[in-house]
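Read through the structure below, which is laid out as structure tokens, and then see the notes.
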2 protein chains.
Amino acid sequence: MRIGELSERTGTPRRLLRYYEEQGLILPERAANGYRDYAGYNVDRVVQIRGLLDAGLPTRIIKQILPCLDKPRAIYFPDATPEMIATLRGERERMDDRIRCLTRNRDAIGDYLDAVLAYDHAEAT
Amino acid sequence: MRIGELSERTGTPRRLLRYYEEQGLILPERAANGYRDYAGYNVDRVVQIRGLLDAGLPTRIIKQILPCLDKPRAIYFPDATPEMIATLRGERERMDDRIRCLTRNRDAIGDYLDAVLAYDHAEAT
DNA sequence: CTTGACCTTCACATTGATGTGAAGGTTTGA
DNA sequence: TCAAACCTTCACATCAATGTGAAGGTCAAG
């Protein structure tokens, strides 16, 4: 598919699809006329990228993480240098931290909303 | 405590403590000489702020969330406008999305690391 | 064969979170 | 009393992600 369709299907501005490519996160083919030609799996991939960006990860890190999501993954094993392994371990830790923080705050918001609801209900009677 | 101590105890540059204040996230008192004077609870608060920023939330949203974490919370109920409630509900949704995304990717990294470990182990024998 | 809807590259602007440092006031201890 | 170690405000710089738009090539339908 071309950039317009990928943009539609992922809700992502064309500008950013080109930016993600520049950062090495997606690698579209090129048609004879120079147009980018995206394989179907890029829809999921772009959604993943956006999700991770939204969760605070920079493109530099996302680039390291993406190969973990590709299946079959066996292809990448030889590339797995010790440094890369260490980086992934570290990032997994940081993601755990983020998850803990978000969960805590999400629950606190939930408790607050419940309390407000109960308060309003009591007021109304 | 003064800004230097808070900076030390939270691992946060002074510059950013002033920035968070400017954004309305913390409200230190002022000593007679003009120095900022932070109450002890600000240590936790700043850690919270940094965690949420790291998880991709902008200060504008964090400002809305912070009151949910204060106890006792009853004080804030009258301030809870319908718009605020709606905002909090929406943000809770977005935080859920982030948690799902991070969890999925963290698990994928874990699987990948396990697979690499198994692969290396097999190689070594 | 031209018009409209695509696509290309390129450049510049903006925004939010940060870094850096100047110029100057305050406090504490030698 | 002076130096070191704090603090203040203010201004300007940077970085990553994103917005905006110009100048121009491609292609399908009328």
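Naming convention: chains lettered A, B, ... in sequence-line order (proteins, then strands); numbering from 1 in each chain. Since we're looking at a predicted model, the values are computed, not measured. Atoms considered below: every heavy atom in the structure, side chains included; atoms not considered: hydrogens, waters and symmetry mates.
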- [ ] Using a strict 4.0 Å threshold on nitrogen-to-oxygen distance, state whether A/Arg30 and A/Glu21 make a salt bridge.
- [x] yes
Open item on the list: For the CG atom of A/Asp107 and the CG atom of A/Leu102, what is their distance to the nearest 0.5 Å?
Closed with: 10.5 Å
Task: Minimum-distance nucleotide (side-chain atoms of A/Pro58 versus C/dC7, D/dA17, C/dT9) - done: D/dA17
TODO: Quickly work out the B/Ile61 CD1 to C/dA17 P distance and round it to whole Å.
DONE: 11 Å
Task: Nearest heavy atoms of B/Ile49 and B/Ile62, plus distance in Å - done: O-CD1, 3.9 Å
TODO: Would you indicate whether the side-chain heavy atoms of A/Arg50 and A/Leu16 approach each other to under 4.5 Å?
DONE: yes
Open item on the list: Between A/Asp44 (side chain only) and A/Tyr41 (backbone N and O only), is there a donor and an acceptor less than 3.5 Å apart?
Closed with: no
Task: Residues from residues 93-105 of chain A lying under 4.0 Å of DNA chain C - heavy atoms - done: none
Open item on the list: Just so I know, are the side chains of B/Tyr38 and B/Thr10 near enough to count as touching, which here means a heavy-atom distance under 4.5 Å?
Closed with: no
- [ ] Would you mind reading off the distance between B/Arg2 atom CZ and C/dT26 atom P, rounded to a whole angstrom?
- [x] 14 Å
- [ ] Report the distance from atom CZ of A/Arg30 to atom C1' of C/dT8, rounded to the nearest whole Å.
- [x] 8 Å
- [ ] Using atom types as modelled and distance alone, determine if a side-chain donor or acceptor of A/Ser7 lies under 3.5 Å from a backbone N or O of A/Thr12.
- [x] yes
TODO: For DNA chain C, determine which residues of residues 4-24 of chain B have any heavy atom closer than 4.0 angstrom to one of its atoms, and list them numerically.
DONE: B/Pro13, B/Arg15, B/Leu16, B/Tyr19, B/Tyr20
Open item on the list: Using a 4.0 Å cut-off on heavy atoms, which residues in residues 37-53 of chain A reach DNA chain C? List them by number, or say none.
Closed with: none
Open item on the list: Is the phosphate of D/dC27 approached by A/Asn33 (side-chain N or O, under 4.0 Å from OP1 or OP2)?
Closed with: yes
TODO: Please determine if a side-chain N or O atom of A/Arg36 lies less than 4.0 Å away from the OP1 or OP2 oxygen of C/dC7.
DONE: no
Task: Short N-O contact, A/Asp97 and A/Arg94, less than 4.0 angstrom - done: no
- [ ] State whether A/Thr59 places a side-chain N or O below 4.0 Å from either non-bridging phosphate oxygen (OP1 or OP2) of D/dA16.
- [x] no
Task: Residue met sooner reading DNA chain D from 5', once A/Ile62 and A/Tyr35 are mapped to nucleotides - done: A/Ile62
Task: Main-chain N/O of B/Asp70 paired with B/Arg45 side-chain donor or acceptor, under 3.5 Å - done: no
Task: Straight-line distance of B/Glu91 CD to B/Met84 CE, nearest 0.5 Å - done: 11.5 Å
TODO: In whole angstrom, give the distance that lies between atom CG of B/Leu25 and atom P of C/dT18.
DONE: 11 Å
Open item on the list: Main chain of B/Ile99, side chain of B/Thr103: is a donor-acceptor contact present, judged purely on distance under 3.5 Å?
Closed with: yes
